[in-house]
Amino acid sequence: MAEDKYQKVLELAKRRGFFWPSYEIYGGVAGFYDMGPYGILLKNRIIEKWRQYFVRDHSNYVIEIESPIIGPSKVYEASGHVENFTDPIVECTRCGRKFRADHLIKDKLGIDVEGLSPEDMTRIIKENNIKCPVCGGELGEVKTFNLLFKTHIGPYEGNIGYFRPELAQGMFVAFKRVYEVMRSRMPLGIAQVGRVGRNEISPRQAMMRLREFTIMEMEYFIDPEEKEKSCPFFERHASTRIRILPYKYKVEERGPEEVTVREAVEEKLILHPCLGYWMAVSNEFIASLGIPRDEVYFEEKGPHERAHYSSQTFDQLVRVSRWGWVEVSGHSYRGDYDLSRHMQYSGQDLTVFKPFDEPKIVEKTRYLVDKSYIGRTFRSEAKKVFELLANIPEEELKNAYLQKKPLKLGDYEIPPDAILEYKTHEKITGKKYIPHVIEPSFGVERVTYVVFEHAYREKEGRIILSLPRDIAPIQAVVLPLIEKDDSLRKIAVEIYDDLRRAGFYILYDDSGSIGRRYARYDEIGVPAAITVDYQTLEDNTVTLRDRDSWRQVRIPIASIVDILRKFIYFGEEIDKLGTPIST
RNA sequence: GCGGCGGUCGUCUAGCCUGGACUAGGACGCCGGCCUGCCAAGCCGGAGGUCCCGGGUUCAAAUCCCGGCCGCCGCACCA
């Protein structure tokens with residue numbers, strides 16, 4: 001590519017202060033990126049928009065929490081990360097290439113060695129004389145590499161902590177408390193925005209693969225038996241069209257197809273209506289950030305590509321100039337894997353109680369010993385007999401009664417006719433279940449990059465960052481036409497003050513020619529420029545300039561706040577907001 | 001981690017092959033002054049460089065050699 005868009009985009013990001021590699025003065029460290037003054041504003045607006053789409057739009061069902069980034073080792077043992085986030089790696093002693101030892105053995109011998117120790121894998125490689133698949137050289141010892149960042153909690157060497165590799169465990173661990181706080185109602189979505197760390201072997205692709213990054217994620221907890229009730233807002237997006245590539249299409253070498261969410265669920269391309277619903281929300285969210293709809297689709301992961309706990313996973317892919325399709329979000333049906341594991345490891349009950357519509361009456365036959373018989377027969381020793389009896393399961397009483405055999409209680413014996421059989425009615429009001437989880441999860445830096453790149457365009461040799469107006473870092477700039485005129489400056493500063501008090505993020509600038517200043521703010525994506533000129537002195541109007549079309553309209557100072565609000569938040573066209581000017 | 005290519009003011013780049021005249025040049029941007037009635041205008045002045053880092057060769061290194069770091073591409077890896 002002669003004109004490499006990626007290079008130009010990165011150059012703009014650096015020069016104008018959106019993002020750049022971290023630790024530059026020390027030579028940089030791969031996998032870490034700084035967000036600059038405008039980058040962080042953009043990122044924050046993207047996060048805020050995500051909150052709107054995922055949390056506030058479902059305010060009776062979805063809430064947000066924040067949990068720590070460091071977790072005790074127990075949590076990540078339970079989640080499986082300590083075990084499964086570790087890859088067995090073997091290095092060729094001749095060419096130095098590294099391979100996944102388990103993959104190598106599976107390819108050569110067709111046996112699954114998952115769970116075997118590194119020593120065992122080394123032995124298998126030696127015994128079967130497996131060589132480097134590239135150069136044929138001798139392979140070394142199998143070593144493990146864990147992608148978790150490890151640390152110590154407090155001054156105790158043995159107290160291991162991990163930097164979380166995903167947000168999900170924070171929601172699972174807090175589930176019981178949040179569920180009660182939210183008045184024990186299902187379905188329940190717990191959302192979170194936060195930083196995670198993964199000690200990638202070889203991060204590349206600028207902000208696409210980082211060692212530390214931000215995720216916005218939701219764990220949507222549902223009753224597995226209530227498909228429809230779990231998604232009470234399904235109709236909002238039932239007719240929303242999404243482009244999906246189910247795994248079976250991929251196998252058939254077909255491309256993605258556009259379907260409504262309802263069709264996808266009915267045809268079982270998407271296994272659960274909730275999964276489809278949140279994919280639709282994600283689709284609309286990404287579109288609202290200025291990504292064209294034909295540059296987005298959802299691709300299903302194959303059985304071997306997805307995590308072991310997931311029964312279906314889709315990635316949401318967006319096209320970028322350099323690397324083609326990149327993943328910006330993942331949509332997984334995680335089942336009850338995580339909550340079950342945490343129940344097992346913590347010993348806590350993380351189930352949800354589900355009342356039946358009608359309580360069920362169950363007839364039961366029960367057996368117990370006639371207490372008056374024991375009192376009468378054993379007298380002063382009766383207390384001891386009762387104690388022994390307390391440890392006897394009801395099943396034994398039943399057997400003794402039915403087989404007409406005496407029940408042995410240590411040194412004592414109770415005859416079968418002292419055991420009573422009686423019928424009882426038990427009322428069962430509901431049952432307990434472990435909720436299942438549907439998880440839409442976004443990588444914020446990736447989304448930010450993708451949005452930035454799609455906003456980049458050139459016009460007459462100048463760069464314009466055409467971000468959607470409502471996520472622009474700076475919303476408007478106020479400019480006196482001429483730098484050295486105090487009367488213009490005074491009015492411009494007053495307008496600046498009014499707008500900032502009204503809650504807009506505004507800049508004021510009087511340095512350089514007016515054209516130069518317009519160009520400056522086009523590059524950082526400021527959608528509106530308000531210019532105070534000599535006509536302002538006569539009739540209290542100013543010009544409002546649109547970043548994308550460069551068209552201008554004349555508007556009264558008195559209604560600037562109102563007009564700017566329509567322009568920024570309601571996407572009103574520039575020509576409808578005032579009297580067009582030809583320049 | 002392997003192989004290939006690369007790293008020079010804020011940004012883009014010239015110089016590197018063929019070591020010296022390089023006090024590292026230019027453009028854009030930035031700052032100050034003048035000017036300026038709407039799209040990077042002009043004039044004057046200014047600031048800004050560990051030539052990625054470390055070591056070596058040499059009388060002399062941005063330039064040659066070695067090691068490292070970082071970036072891109074390929075391989076491998078990628079919850």
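Per chain, numbering begins at 1; letters A, B, ... match sequence-line order.
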Looking at [X], does any N or O in its side chain come under 4.0 Å of the phosphate oxygens OP1/OP2 on [N]?
{"X": "A:Y26", "N": "B:C69", "value": "no"}
{"X": "A:R520", "N": "B:C30", "value": "yes"}
{"X": "A:W323", "N": "B:C72", "value": "no"}
{"X": "A:R516", "N": "B:A41", "value": "yes"}
{"X": "A:T531", "N": "B:C38", "value": "no"}

- Item | Side-chain donor/acceptor of A:E523 to base of B:A40, under 3.5 Å |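 Result: at least one qualifying N/O pair found.
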
- Item | A:R334 with A:E439: basic N within carboxylate O range, under 4.0 Å | yes

- Query: Under 4.0 Å between a Lys/Arg side-chain N and an Asp/Glu carboxylate O for A:E494 and A:K490?
  - Reply: yes

- Message: Categorize A:I25 for me: base, sugar-phosphate, or nothing, with a 4.0 angstrom heavy-atom threshold over every strand shown.
- Response: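 Result for A:I25 = base.
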
- How far, in whole Å, is B:C59 from B:C69 if one measures between their C1' atoms? 32 Å

- Message: Taking the P atom in each of B:C38 and B:G49, what is the distance between them to the nearest angstrom?
- Response: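 Those two atoms are separated by 38 Å.
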
- Query: Of all the nucleotides listed (B:U36, B:C39, B:C77), which has the minimum atom distance to the side chain of A:R209?
  - Reply: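 The nucleotide sitting nearest to the side chain is B:C77.
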
- Task: Identify the residue among A:V532, A:T541, A:T536 that makes a side-chain contact (heavy atoms from CB on, under 4.5 Å) with A:I557.
- Result: A:T536

- Query: Are A:Y23 and A:D34 linked by a side-chain donor-acceptor pair shorter than 3.5 Å?
  - Reply: no

- Query: Which sits closer to the 5' end of RNA chain B, A:H81 or A:V29, going by the nucleotide each is nearest to?
  - Reply: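 Whichever sits nearer the 5' end wins; that is A:V29.
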
- Message: On RNA chain B, compare the nucleotides closest to A:I215 and A:Q535; which residue's is nearer the 5' end?
- Response: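 Looking at the nearest nucleotide for each, A:Q535 comes out on the 5' side.
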
- Message: Does the structure show a Watson-Crick or G-U wobble partner for B:A27, both distances under 3.5 Å? Name it, or say none.
- Response: B:U11

